[in-house]
Amino acid sequence: MNIDKLVRPNINRLSPYSSARNEFTGTAAVFLDANENPFNAPYNRYPDPLQKNVKEKLAAVKGVKPENIFLGAGSDEGIDLAYRIFCRPNIDNAVAIAPSYGMYEVCADINDIEYRKVQLDDNFCFTPADLLAATDENTKLIWICSPNNPTGNAASTDIIKTVAKGFNGIVMVDEAYIDFSNKGSMLEYLADYPNVIVLQTFSKAWGCAGLRLGAAFASPEIIDYYNKVKYPYNLNTVTQELALQALEDRHMVKVWVEELIESRTHLADELKDISCVKRIYPSDANFILVKVDNPDNLYSYLCQNGIIVRNRNRVEKCAGCLRITIGTIEENTQLLNAIKEYERK
Ligand SMILES: *Cc1c(COP(=O)(O)O)cnc(C)c1O
């Protein structure tokens, strides 16, 4: 696997911006190198461009090395940079399972990259052969979201490994919902699969969507390219501070995840006894996809009652479906009561 060969030639040649904070990394008492204001500490200073402290802590939690980690403003930054590093506009293409997370296609469009969808089957599954058959010599990325949004199901690591083995490009594995799944993460196989990039986020299980913090895990070689292409100060000081705090308080993530998984089971049980509910898809995530009669009507009724779910009725393969995020026990009860009331009308 030659990663350098997969990278766009202009990115290979790029001399990245060298910031004041990159050039001098030792300890000093007087910083007169970055044109900062000496007043208003600590926010007068530029943040650490490579987020050393956050990466050290996250590496320990995830069982990887800091060199295996890129941190960005949400997973969305990790998604966009993958196109910018590997895909030549108007020449290269990406292959993805469909339906899946909308940002893969939006970022492909922004970067002028052809986006090839491989439709999932009726159980929202795919085979490695289907994905690989959609590739050609200009396919640089394959997108696998597992657990998948909006379908909720996870693919086994064996299936993902088969795709990675059979593909001479980068396999992007988006594990935004992995904490809610018992199917296992690709993170532990990173060393054996040099063409895999695993995306995780602080927006879901970690409860930090407002911080904008996501991680890409990959070989040090790939991470070097991410660092070369990213904005120098892509993560602000406050996000880095609060990320350290979240990592310190990570016992809470376990507590939240356990409650949400329990509520997911409970909500599915309750929904299945409601007659407008036609099908509840199994979920490895913090949401469930539900097929109902007249989804648009139910959706509007819930909106009118101040309850917002995601209407996926117009997404291919998801006709009739609403995607419902698991909330607090109180919120889930409000939702159930509202649907029961809708039934009675
Ligand atoms: C919510 C979600 C994310 C998270 O994106 P952030 O930019 O980190 O908030 C990533 N991937 C998928 C599939 C998601 O559903």
Side-chain angles (χ1 to χ4, degrees), residues 1 3 6-7 51 54-86 94-97 100-101 103-104 107 126 128 131 140-149 153-167 169-206 208 213-227 229-230 235 243 247 250 253 257 284-286:
M1 190 86 216
I3 298 293
L6 283 175
V7 169
Q51 307 101 18
V54 181
K55 282 181 187 171
E56 263 169 22
K57 212 164 211 150
L58 182 62
V61 169
K62 294 290 176 179
V64 300
K65 298 207 175 79
E67 309 88 84
N68 294 118
I69 305 176
F70 159 81
L71 294 177
S75 308
D76 291 345
E77 185 175 355
I79 293 167
D80 186 52
L81 290 189
Y83 286 107
R84 293 167 65 182
I85 293 165
F86 295 106
V95 165
I97 59 168
S100 194
Y101 185 45
M103 281 303 286
Y104 314 143
C107 289
F126 65 90
L131 279 179
K140 294 291 162 63
L141 306 176
I142 293 181
W143 292 96
I144 298 174
C145 185
S146 178
N148 187 32
N149 178 4
N153 60 321
S156 72
T157 49
D158 282 343
I159 286 198
I160 297 170
K161 287 178 194 169
T162 306
V163 176
K165 270 187 238 158
F167 180 48
I170 302 291
V171 180
M172 302 293 299
V173 184
D174 187 343
E175 296 189 345
Y177 299 99
I178 197 69
D179 302 88
F180 303 100
S181 170
N182 53 22
K183 289 261 172 38
S185 167
M186 277 302 287
L187 214 47
E188 56 184 297
Y189 308 108
L190 221 49
D192 302 325
Y193 293 86
N195 62 334
V196 167
I197 299 178
V198 175
L199 299 177
Q200 293 189 2
T201 178
F202 278 67
S203 296
K204 308 288 156 64
W206 287 79
C208 291
L213 181 60
F217 301 91
S219 68
E221 207 181 353
I222 292 177
I223 297 303
D224 280 347
Y225 281 111
Y226 266 88
N227 289 336
V229 172
K230 77 182 188 73
L235 283 197
L247 285 159
R250 65 185 177 281
V253 174
V257 166
D284 297 298
N286 67 335

Output the distance between atom OH (Tyr104) and atom OH (Tyr83), rounded to the nearest 0.5 Å. 9.0 Å
Return yes if some donor-acceptor pair links the side-chain N/O of Thr201 with the main-chain N/O of Ser75 below 3.5 Å, else return no. no
Go through the steps for Val7 and Phe86 under the test side-chain contact (heavy atoms from CB on, under 4.5 Å), then give the verdict. CA-CA 5 Å; Val7 169; Phe86 295 106; 3.7 Å; yes
Do side-chain atoms of Glu77 reach the backbone of Gly214 as a donor and acceptor pair under 3.5 angstrom? no
Under the side-chain contact (heavy atoms from CB on, under 4.5 Å) rule, what do Cys208 and Leu213 come out as? Steps first, then yes or no, please. CA-CA 8 Å; Cys208 291; Leu213 181 60; over 6 Å; no
Start with the C-alpha gap between Tyr226 and Ile197, add the side-chain angles, then the distance that decides, and say whether side-chain contact (heavy atoms from CB on, under 4.5 Å) holds. CA-CA 11 Å; Tyr226 266 88; Ile197 299 178; 3.9 Å; yes
Beyond-backbone contact of Phe217 with Ile69, side-chain heavy atoms, under 4.5 angstrom: yes
Interatomic distance, Ser100 atom OG to Ile144 atom CD1 [nearest 0.5 angstrom]: 9.5 Å
The single option from Asp76, Asn148, Asn149 passing side chain to side chain donor-acceptor pair (under 3.5 Å) against Tyr101: Asp76
What is the minimum heavy-atom distance between Asn195 and Phe167, and which atoms define it? ND2-O, 3.1 Å
How long is the gap from CD1 on Ile170 to CE on Met1, to the nearest 0.5 Å? 5.5 Å
Do Ser146 and Asp174 come within less than 4.5 Å of each other through their side chains, counting heavy atoms only? no
Side chain of Asp284, backbone of Asn153: donor and acceptor closer than 3.5 Å? no
Distance to the ring centre below 6.0 angstrom and angle to the axis at most 45 degrees; does that hold for Lys161 and Tyr189? yes
Identify the two heavy atoms, one from Val196 and one from Ala164, that lie closest to each other, and give their separation to 0.1 Å. CG2-CB, 3.7 Å
Considering all heavy atoms, the nearest Asn68-Pro220 contact: ND2-CD, 3.6 Å
Could you measure the distance from the CG atom of Leu71 to the NZ atom of Lys55? Nearest 0.5 Å is fine. 5.5 Å
Hey, could you give me the CG/SG distance between Leu81 and Cys107, rounded to the nearest 0.5 Å? 9.0 Å
Side-chain donor/acceptor pairs under 3.5 Å, residues 57-67, sequence neighbours excluded:
unit_1 : atom_1 : unit_2 : atom_2 : d
Lys57  : NZ     : Glu248 : OE1    : 2.5
Lys62  : NZ     : Gln200 : OE1    : 2.8

Should Phe70 and Ile222 be marked as a side-chain contact (heavy atoms from CB on, under 4.5 Å) after you check the CA-CA gap, both sets of side-chain angles, and the distance that decides it? CA-CA 9 Å; Phe70 159 81; Ile222 292 177; over 6 Å; no
Is the Tyr177 ring parallel, tilted or perpendicular to the Phe180 ring (thresholds 30°, 60°)? tilted
Look at the side chain of Asp179 and the backbone N and O of Ala205, then say whether any donor-acceptor pair between them is shorter than 3.5 Å. no
When rounded to the nearest 0.5 Å, the distance separating CG of Leu199 from CD1 of Ile178 is 12.0 Å
Taking all heavy atoms of Ala218 and all of Leu190, pick out the closest pair and write down the distance. N-CD2, 3.7 Å
Heavy-atom closest contact (Leu131 atom, Ala96 atom, distance): CD2-C, 4.3 Å
